[in-house]
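Note that these values count all heavy atoms, side chains included, but never hydrogens, waters or copies made by symmetry. Treat the numbers as computed from the prediction; the structure is a model and nothing was measured. Both counts, for ligands and for their atoms, begin at 1 and track the order of listing.
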Amino acid sequence: MLHSILLTTTLAATASAACSRAFLTKATDAYVAAQSSGSPSGVTSFISASINYTENEKQANIQSGILSQPLKIDHNRSIHDTTACSTFTELIAASNPHPYVIGTRMLFSNSSKITTMESIVTQNGDWAFNATGYLYYDALESWAPIPESKRDSRAVIQAAGDAYFNRFANANITVPFGTPCARLEGGAYTGTNNMTGNTCSLGLPDSTVVTDRRYVLDETLGVVDMFLGFPGLDRSQGNASMPDSHMFRVEGGMIRYIHTAGCGMNGTGLPTRRAAGRPLLRKTPFVV
Ligand SMILES: *[C@@H]1O[C@H](CO)[C@@H](O)[C@H](O)[C@H]1NC(C)=O
Ligand SMILES: *[C@@H]1O[C@H](CO)[C@@H](O)[C@H](O)[C@H]1NC(C)=O
Ligand SMILES: *[C@@H]1O[C@H](CO)[C@@H](O)[C@H](O)[C@H]1NC(C)=O
Ligand SMILES: *[C@@H]1O[C@H](CO)[C@@H](O)[C@H](O)[C@H]1NC(C)=O
Ligand SMILES: *[C@@H]1O[C@H](CO)[C@@H](O)[C@H](O)[C@H]1NC(C)=O
Ligand SMILES: *[C@@H]1O[C@H](CO)[C@@H](O)[C@H](O)[C@H]1NC(C)=O
Ligand SMILES: *[C@@H]1O[C@H](CO)[C@@H](O)[C@H](O)[C@H]1NC(C)=O
Ligand SMILES: *[C@@H]1O[C@H](CO)[C@@H](O)[C@H](O)[C@H]1NC(C)=O
């Protein structure tokens with residue numbers, strides 16, 4: 001009994017040392033700096049020998065991938081999951097000669113090494129892409145830490161994000177949208193319809209099953225990010241699930257902001273009401 005208590009305490013101490021907020025913040029700072037200077041070596045000390053590194057869900061070489069390109073980063077935001085030992089970082093490079101919006105999820109082992117690093121790298125031609133718009137609307141929002149007495153539990157924050165996607169497959173599900181609530185996708189902002197209203201509920205599908213949800217959760221910021229497979233996002237790929245990230249800011253159990261970065265559309269334009277043969281992913285405000 002004593003032995004097992006001691007063992008548990010030791011492991012807990014190890015885990016919390018590996019996944020302290022300070023450690024995870026050091027890692028995301030190193031990642032942002034590495035992307036800014038285009039030097040993958042900036043994260044080398046964090047990388048496990050057997051790292052699974054992907055870009056848009058395809059195996060990639062970290063030495064020659066996006067991290068090897070110096071990017072002028074106009075905005076970065078990271079969330080830190082001290083329970084699951086993981087992080088998510090949103091990067092907006094709008095004034096870079098080749099604009100990008102990038103979402104990166106990193107998972108750490110107990111020995112402080114990155115075992116999984118996956119980036120969604122979006123650019124011109126991807127879903128509603130407009131890095132200038134992303135930067136502009138993001139700057140209107142507040143993602144400040146939630147005062148300790150008002151923080152939601154992990155379960156409540158995750159449930160809000162899950163309800164959103166469960167609703168995509170079942171119109172009867174009620175999503176805890178706050179008022180106001182706004183969604184920023186690629187660079188298009190539902191909030192332009194009504195900055196004080198709930199515009200997150202506009203244009204939701206009801207028969208789209210998103211697949212493979214992977215969560216990063218930060219109670220301090222009230223944020224859950226989900227990587228997932230989004231069917232039909234690329235109109236040239238039929239109903240195939242495309243790499244996508246949705247980040248939800250939750251306040252008092254209600255969704256306040258949603259940021260998305262998703263691959264696809266392949267320059268085929270935003271969906272219209274007449275997009276043949278499949279559910280509309282977004283209707284208003286993108287469709288006139
Ligand atoms: C590596 O990551 C990709 C993307 O998340 C995933 O599809 C794949 O299964 C992972 N591979 C391993 C060996 O974990
Ligand atoms: C990332 O954002 C922080 C502020 O949130 C800023 O201090 C830092 O300089 C940014 N890093 C880069 C490389 O732009
Ligand atoms: C860290 O160690 C704990 C205790 O053994 C274990 O439950 C947890 O899954 C480990 N986490 C990782 C990311 O390996
Ligand atoms: C991108 O967003 C900016 C800021 O909202 C806007 O001025 C610009 O017209 C948009 N560009 C395109 C191509 O939609
Ligand atoms: C939604 O509710 C309606 C009315 O109760 C019901 O007819 C329908 O089957 C429900 N749909 C689903 C997907 O549960
Ligand atoms: C905007 O939303 C607020 C809050 O729901 C509502 O009171 C107001 O009437 C809306 N304005 C317009 C122009 O729809
Ligand atoms: C766009 O779709 C076409 C037809 O499926 C394909 O041949 C092409 O490679 C795609 N382009 C990009 C940038 O994905
Ligand atoms: C996509 O799935 C819908 C059902 O959700 C189906 O009606 C449609 O035919 C499918 N389209 C393609 C191109 O597979």
List, for ligand 2, each N/O atom that has a protein N/O partner under 3.5 Å away, with both atom names and the distance.
residue, atom, partner, partner atom, Å
ligand 2, 2 (O), N76, OD1, 3.1
ligand 2, 2 (O), N76, ND2, 2.3
ligand 2, 11 (N), N76, ND2, 3.0

Which of the atoms of ligand 6 are close to T179, meaning less than 4.0 Å from one of its heavy atoms? 4 (C), 5 (O)
Taking side-chain contact (heavy atoms from CB on, under 4.5 Å) as the test, write out the residues that go with R105, two or more places apart. L107, E118, R214, V216, F227
Do any nitrogen or oxygen atoms of N198 lie less than 3.5 angstrom from nitrogen or oxygen atoms of ligand 6? no
According to the interplanar angle, ranging from 0 to 90°, do the rings of H246 and Y164 count as parallel (below 30°), tilted (30 to 60°) or perpendicular (above 60°)? tilted
Pairs in or reaching into residues 99-193: which pass disulfide bond (SG atoms under 2.5 Å apart), with residues at least two apart or in two chains? C181-C200
Consider only side-chain N and O atoms of D138 and Y257, and report whether a donor and an acceptor are under 3.5 Å apart. no
Please list every donor-acceptor pair under 3.5 Å in which a side-chain atom of residues 96-103 meets a protein atom from a residue at least two apart or in another chain.
residue, atom, partner, partner atom, Å
N96, OD1, K72, N, 3.0
N96, ND2, H98, O, 2.9
H98, NE2, Q123, OE1, 2.7

Apply side-chain contact (heavy atoms from CB on, under 4.5 Å) to the pair R249 and E141, showing each step before the final yes or no. CA-CA 10 Å; R249 159 83 169 196; E141 301 179 344; over 6 Å; no
Under the side-chain contact (heavy atoms from CB on, under 4.5 Å) rule, what do T89 and V32 come out as? Steps first, then yes or no, please. CA-CA 8 Å; T89 300; V32 175; 3.9 Å; yes
Tell me whether the centres of the aromatic rings in Y189 and Y134 are closer together than 6.0 Å. no
Residue portion contacting ligand 6 (non-hydrogen atoms closer than 4.0 Å) for T196: both
For ligand 4, which is the ligand I care about here, please tell me if N130 has any N or O atom under 3.5 Å from one of the ligand's N or O atoms. yes
